[in-house]
Peer 1: 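Let me give you the structure first, and then I'll get to my questions.
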Amino acid sequence: MRPLVATALALGLLAPNAAFAEPLPLPKPAGEIPIPSAAVADRPERLRRSQVPGGVDDTERIDVLLAPNGTPAAVTLTQRLVLTGTGQFVVWERSSASDVEPLADTDPPVLKREAVIWQGFVNQRKELAARLTLDPFVENELLPLRVELRGPLGPGGTLTGAGPVTVKVSNRTGLAMTLPTGTVAPEHLAGPLDRLRAYATAKRPTPPPAAGRGLPLTLPATGNATREANVVVPFRVTGTVRVTGGTAATPESAAVTHVPGGLRLDGVLAGDAEFTVNATATGTLQLELTAFPTLDPRTLQPPQGATWAEWAGRRPPTAQVAAATTQLVDAAAQAARADDYAPYLGHHGPGSVRTTFHFRMAPPDVVRAAAPRPLSPRPFGIALASLALAGVLTNATVIWRRL
C-alpha cells in the first residue's frame, strides 16, 4: 500500500503545474492591409474582400521616385498574380491608381474609385500582371517607409554646391498592441523561435512564419496575463547612397560599408536612421534603396548555444525562460504584422506574397510634373481633410530604433 501512497503523493505534487497551464495565444495576422479606418471610412471599395476559388500567389514591386526633399514625386506598382483553382474570381485591391498597363498579354484590371478590380474565370491556373500608376500624394501617407533628404539638392539629385547630403529613412509601421504574457516551457519555445530566427537570417522577401502557418496558434503557459507594447514591422534595407566625388561621413558598422563616393547599406530598420555623404563640389546624388518586411535576427539570438533547441536542452534558468517567452511573443507579433504589410494593395486569400520597395531620385521632368498646383480653398473639403488627418494622427504610432 505504501508505494501506492507515495505514487499518489508524487502525482499530487506534479499536478498543479499541469492543472494551471493555460493556452497562450500567439498574435496572428489580421489578413488585411493595415490602413487606419478613419482614412478610408467613406470608401467602401477599399473595404471589399476578394472572392477567389483557390490560392493566389502575389508578387509586388513598388517603385518610388523621390523629389529633392524626399517626398514621392511618382509611385508605380508592378504586380503579378497567379490564381489557382477553378471558378469565377473577383480580386479587389485598394488603390489610388490613375492609370494601368497590362503586362505579359494578360487581361487588364478595371479602375474604379479608390480600387483596382480584376475579374473573370480561372481554370486551374491563371496569371494576371499589370503596372499601376499611383497617386504620389496619397501613397506618401501610406508607404511604410519615409525618406527625407537634406542638403544642396535640386531635381534629379543634382547638387547646387558643396556640403553634407543626408538621407534619413524612417520606419512608420509602429502600432500599440495588447500582447499576451506568461511562461512557456523551453521545449515548447525552441521550435517556434528557431523557425523565426531562420526566417530572419534568410535575408529574402518571403512570407514570415505566423500563428497558424509555421507557428502554433497557442502554447501551454503559466502565469498568463497581458501587457501593452509598441510593435514595429522591421524592414531590411539594402542599397547605396553616393555623391559624385563625395566622401562618406557616416561611420562604418555592421550595416554600413564605405564605398567610393559614399555608403553601401545592408541592415534591419525598426525606427529611423540617417546616412550622410559629404559633397565637395557640384555633382549628383545617386540613391538606390531596396526594402522588404522581415524580422531582426539580433532580437532572436539564444542566450546560450547555437540554436534555441540547444538552449532548451541545457535546462535554462527561470529568468531566461521568461525572457525567451517574451522574445517569442514579440517576434510573432512582428511576423503577423509583416504578413499584413507584405501585400501593399490587399490580401486575396491563401498563397505566398513577396513585396519589395525601391527608392531612387526622380528625373527633373517627373519632379516638375508632380509639383502641386495652386488650389482654391473650399471650406467643406478642408473640413473633411482635417477630420481624416486627425484620424490618421490618432491611429498612427511610430517607434524609433536605430538601424
Side-chain angles (χ1 to χ4, degrees), residues 5-31 34 173-201 208-234 268 270-271 293-340 397-401:
V5 172
T7 302
L9 289 173
L11 290 174
L13 292 174
L14 293 174
N17 287 335
F20 288 105
E22 298 178 357
L24 184 147
L26 292 182
K28 61 181 180 179
T173 64
L175 181 69
M177 296 181 64
T178 301
L179 299 180
T181 64
T183 301
V184 177
E187 59 268 25
H188 295 303
L189 292 170
L193 281 168
D194 274 332
R195 282 191 287 274
L196 288 165
R197 181 170 172 267
Y199 165 78
T201 56
R213 192 195 65 224
L215 298 180
L217 290 170
T218 63
L219 289 171
T222 57
N224 292 11
T226 59
R227 61 185 169 91
E228 301 302 314
N230 286 317
V231 179
V232 178
V233 180
V268 177
T294 187
L295 294 178
D296 190 340
R298 296 170 295 185
T299 65
L300 290 166
Q301 298 299 321
Q304 295 177 343
T307 66
W308 286 99
E310 184 178 338
W311 166 82
R314 295 185 176 186
R315 296 184 179 181
T318 302
Q320 283 190 8
V321 175
T325 302
T326 299
Q327 284 177 272
L328 174 59
V329 172
D330 286 347
Q334 291 177 338
R337 297 205 67 233
D339 188 84
D340 289 332
T397 302
V398 179
I399 303 170
W400 306 114
R401 284 181 55 189

Peer 1: Mind checking the OG1-CD spacing from Thr294 to Gln334? Nearest 0.5 Å is all I need.
Peer 2: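 One finds 9.5 Å between OG1 of Thr294 and CD of Gln334.
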Peer 1: So, Thr325 side chain and Val184 main chain: donor-acceptor pair closer than 3.5 Å or not?
Peer 2: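 Side chain of Thr325 to backbone of Val184: a pair is present.
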Peer 1: Does any non-hydrogen side-chain atom of Pro208 lie less than 4.5 Å from one of Pro293?
Peer 2: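 Side chain of Pro293 against side chain of Pro208, heavy atoms only: no contact under 4.5 Å found.
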Peer 1: Report yes or no: does Asp194 contribute a side-chain atom to a donor-acceptor pair with the main-chain N or O of Ala309 at less than 3.5 Å?
Peer 2: yes
Peer 1: Keeping to residues at least two apart or across chains, list the salt bridge (charged side-chain N to carboxylate O under 4.0 Å, His left out) pairs with something in residues 181-191.
Peer 2: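 Those involving residues 181-191 do not exist here.
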Peer 1: Rounded to the nearest 0.5 Å, how far does CZ of Arg197 lie from CZ of Arg298?
Peer 2: 14.0 Å
Peer 1: Could you check whether any side-chain heavy atom of Leu217 comes within less than 4.5 Å of a side-chain heavy atom of Pro23, counting everything from C-beta outward?
Peer 2: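 Leu217 does not reach Pro23 side chain to side chain.
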Peer 1: Hey, are the side chains of Gln304 and Pro316 touching, using non-hydrogen atoms and a 4.5 Å cut-off?
Peer 2: no
Peer 1: Just by distance, with hydrogens left out, do Thr178 and Glu228 show a side-chain donor and acceptor under 3.5 Å apart?
Peer 2: yes
Peer 1: So, for Thr299 and Gln327, which heavy atoms are closest and what is the spacing to 0.1 Å?
Peer 2: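 For Thr299 and Gln327, the tightest heavy-atom pair comes out as O-NE2, 3.0 Å.
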Peer 1: Nearest 0.5 Å, please: how far is CG in Leu24 from CG in Leu219?
Peer 2: 6.5 Å
Peer 1: Roughly how far, to the nearest 0.5 Å, is OG1 of Thr183 from NE2 of His188?
Peer 2: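 It is 12.5 Å, given to the nearest 0.5 Å.
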Peer 1: I'd like to know if the side chain of Asp340 and the backbone of Ala30 have a donor-acceptor N/O pair within less than 3.5 Å.
Peer 2: yes
Peer 1: Quick check: closest heavy atoms across Pro303 and Gln320, and the distance to 0.1 Å?
Peer 2: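 Reported closest heavy-atom pair: CG-OE1, 3.6 Å.
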Peer 1: What heavy-atom pair brings Pro234 and Val268 nearest, and what distance separates the two atoms?
Peer 2: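 Between these two residues, the closest heavy atoms are CB-CG1, 3.6 Å.
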Peer 1: Between Leu196 and Leu215, is any pair of side-chain heavy atoms under 4.5 Å apart?
Peer 2: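 They are in side-chain contact.
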Peer 1: Indicate the atoms forming the closest heavy-atom contact of Pro209 with Ala335, along with that distance.
Peer 2: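 Smallest interatomic distance, heavy atoms only, reads O-CB, 3.3 Å.
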Peer 1: How would you list all residue pairs meeting salt bridge (charged side-chain N to carboxylate O under 4.0 Å, His left out) that involve residues 318-329, not counting sequence neighbours?
Peer 2: none
Peer 1: Can you see which heavy atom on Ala198 is nearest to which on Thr201, and at what distance?
Peer 2: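 Between these two residues, the closest heavy atoms are O-OG1, 3.2 Å.
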Peer 1: Taking all atoms of both residues into account, what is the closest heavy-atom pair of Val321 and Pro186, and its distance?
Peer 2: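 Closest heavy-atom pair between Val321 and Pro186: CG2-CG, 3.6 Å.
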Peer 1: Is the shortest side-chain heavy-atom distance between Pro302 and Leu193 below 4.5 Å?
Peer 2: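 Pro302 does not reach Leu193 side chain to side chain.
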Peer 1: Has Trp308 got a side-chain atom pairing as donor or acceptor with Leu300's backbone, closer than 3.5 angstrom?
Peer 2: yes
Peer 1: Knowing that exactly one of Asp330, Thr326, Leu26 qualifies, which makes a side-chain contact (heavy atoms from CB on, under 4.5 Å) with Leu179?
Peer 2: Asp330
Peer 1: Using only atom types and a distance under 3.5 Å, with no angle test, would you say the side chain of Arg337 pairs donor to acceptor with the backbone of Thr173?
Peer 2: yes
